[in-house]
Asker: 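I have a structure here, written as structure tokens, and I will follow up with some questions on it.
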Amino acid sequence: MTITITAFERSPDGGRGLARDTRVRWALEEVGQPYEVRLVSFKAMKEPAYLALQPFGQIPTFEEDGLVLFETGAIILHIAQRHRGLLPDAPEPRARAMAWMFAALNTIEPPIVEREAAQITERGKPWHAERLPMLDERIRTRLRQLSAWLGDRPWLDGAFSAGDLMMVSVLLRLKSSGLLDDVPNLAAYLARGEDRPAYRRAYAAQRAVNVP
Ligand code: GTB
């Protein structure tokens with residue numbers, strides 16, 4: 001059955017691969033599943049037909065054989081459970097890979113999203129310049145902790161997994177921030193993720209939409 005995901009008709013990042021459809025494309029590329037993309041406008045995302053798929057009016061969604069999913073964590077976990085390549089078979093390493101997916105989404109991504117939101121919505125406010133270092137420090141704390149865990153491992157826990165896919169996807173949002181400069185092993189980890197053929201295909205596919 002054909003898999004269909006949704007993505008921005010025109011991503012605000014201009015094709016840098018930062019919108020969350022890229023991580024779903026990447027997961028599908030890793031497991032070798034073909035997919036189609038339905039592009040949606042900001043207006044269409046807030047209309048009832050789309051809200052029936054994604055209650056919060058966001059991309060991406062995932063549809064296959066009558067199943068509709070939203071939330072990239074749930075979508076990628078579903079893909080990883082359904083197809084080989086993103087989760088170890090043994091129960092304990094499998095559980096740990098899932099823990100890293102949650103760590104990426106629940107521990108690492110929130111301060112990054114908060115910093116991005118502050119830069120968009122609070123720029124120009126008199127207190128923005130004082131608040132930004134505080135937001136940066138929250139991220140730096142998490143990066144130092146993650147860097148200490150990673151050490152000189154290539155991936156977070158054994159072979160590349162959905163945990164790494166999610167972590168790399170989240171860290172990519174920091175690429176232009178300078179915050180990765182102090183954690184060279186994380187910068188190298190990011191580069192390893194970006195160098196995976198499946199990531200390259202996912203990146204190229206979203207870019208083709210946004211940089212025609
Ligand atoms: N928790 C949800 C998930 O993981 O699926 C979050 C989904 C989400 O935030 N979707 C965003 C969206 O649809 C796009 S990815 N926003 C529109 C809205 O809420 O109205 C977030 C995103 C957008 C743009 C950039 N950028 O331009 O750099 C980066 C990330």
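In listed order, ligands and their atoms are each counted from 1. A quick note: this is a predicted structure, and the numbers were derived from the prediction, not measured.
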Asker: Which residue holds the protein heavy atom closest to atom 1 (N) of ligand 1, what is that atom called, and what is the gap in Å?
Answerer: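 That would be Glu71 OE1, 2.7 Å.
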Asker: Under 3.5 Å, is there a donor-acceptor pair between the side chain of Arg115 and the main chain of Ile139?
Answerer: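 No, the answer is negative, given that no donor and acceptor are paired below the 3.5 Å cut-off.
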Asker: Starting from atom 24 (C) of ligand 1, what is the nearest protein heavy atom, named by residue and atom, and what distance separates them?
Answerer: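 I find the closest protein heavy atom is Pro12 CG, 4.0 Å.
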Asker: Out of Val40, Thr72, Ile120, whose heavy atom sits nearest atom 4 (O) of ligand 1?
Answerer: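 Looking at heavy atoms only, the winner is Thr72.
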Asker: Heavy-atom distance to atom 30 (C) of ligand 1: which of Ile59, Leu69, Leu18 wins?
Answerer: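 Considering heavy atoms of Ile59, Leu69, Leu18, the nearest to atom 30 (C) of ligand 1 sits in Leu18.
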Asker: Extract all donor-acceptor atom pairs below 3.5 Å that involve side chains of residues 101-108 and protein atoms in other chains or at least two apart in sequence.
Answerer:
none

Asker: Check the angle between the aromatic planes of Trp155 and Phe160 and answer parallel, tilted or perpendicular using the 30° and 60° thresholds.
Answerer: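 Judged by the thresholds at 30° and 60°, the geometry between Trp155 and Phe160 is perpendicular.
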Asker: What atoms of ligand 1 come within less than 4.0 Å of a heavy atom belonging to Asp13?
Answerer: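 Counting atoms of ligand 1 from 1, those under 4.0 Å from Asp13 are 26 (N), 27 (O), 28 (O).
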Asker: Identify every side-chain donor-acceptor pair in residues 71-79 under 3.5 Å, counting partners at least two apart or on other chains, and give the distances.
Answerer:
unit_1 : atom_1 : unit_2 : atom_2 : d
Thr72  : OG1    : Arg23  : NH1    : 3.3
His78  : NE2    : Arg82  : NH1    : 3.2

Asker: Could you tell me, atom by atom, which parts of ligand 1 come under 4.0 Å of a heavy atom of Arg20?
Answerer: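 Every atom of ligand 1 under 4.0 Å from some heavy atom of Arg20: 3 (C), 4 (O), 6 (C), 7 (C), 8 (C), 9 (O), 15 (S), 21 (C).
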Asker: Taking heavy atoms and a distance under 4.0 Å, where does Arg173 meet ligand 1: side chain, backbone, both or neither?
Answerer: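 For Arg173, only side-chain atoms sit under 4.0 Å from ligand 1.
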Asker: Using a 4.5 Å cut-off on heavy atoms from C-beta on, say whether the side chain of Asp21 contacts that of Val24.
Answerer: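 Side chain of Val24 against side chain of Asp21, heavy atoms only: no contact under 4.5 Å found.
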Asker: Are any side-chain N or O atoms of Asp136 and backbone N or O atoms of Arg140, one a donor and one an acceptor, separated by less than 3.5 Å?
Answerer: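 Side chain of Asp136 to backbone of Arg140, a donor-acceptor pair under 3.5 Å: no, none is there.
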Asker: Return the option from Met45, Met166, Gln58 holding the heavy atom at the smallest distance from atom 6 (C) of ligand 1.
Answerer: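 The nearest heavy atom belongs to Gln58.
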Asker: Which of the atoms of ligand 1 are close to Lys46, meaning less than 4.0 Å from one of its heavy atoms?
Answerer: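 Selected atoms, number and element: 18 (C), 19 (O), 20 (O).
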Asker: Name the option, out of Phe62, Phe70, Phe8, that contains the heavy atom nearest to atom 12 (C) of ligand 1.
Answerer: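 Considering heavy atoms of Phe62, Phe70, Phe8, the nearest to atom 12 (C) of ligand 1 sits in Phe8.
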Asker: When you compare the side chain of Val209 with that of Leu39, does any pair of heavy atoms fall below 4.5 Å?
Answerer: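 Side-chain contact under 4.5 Å: yes.
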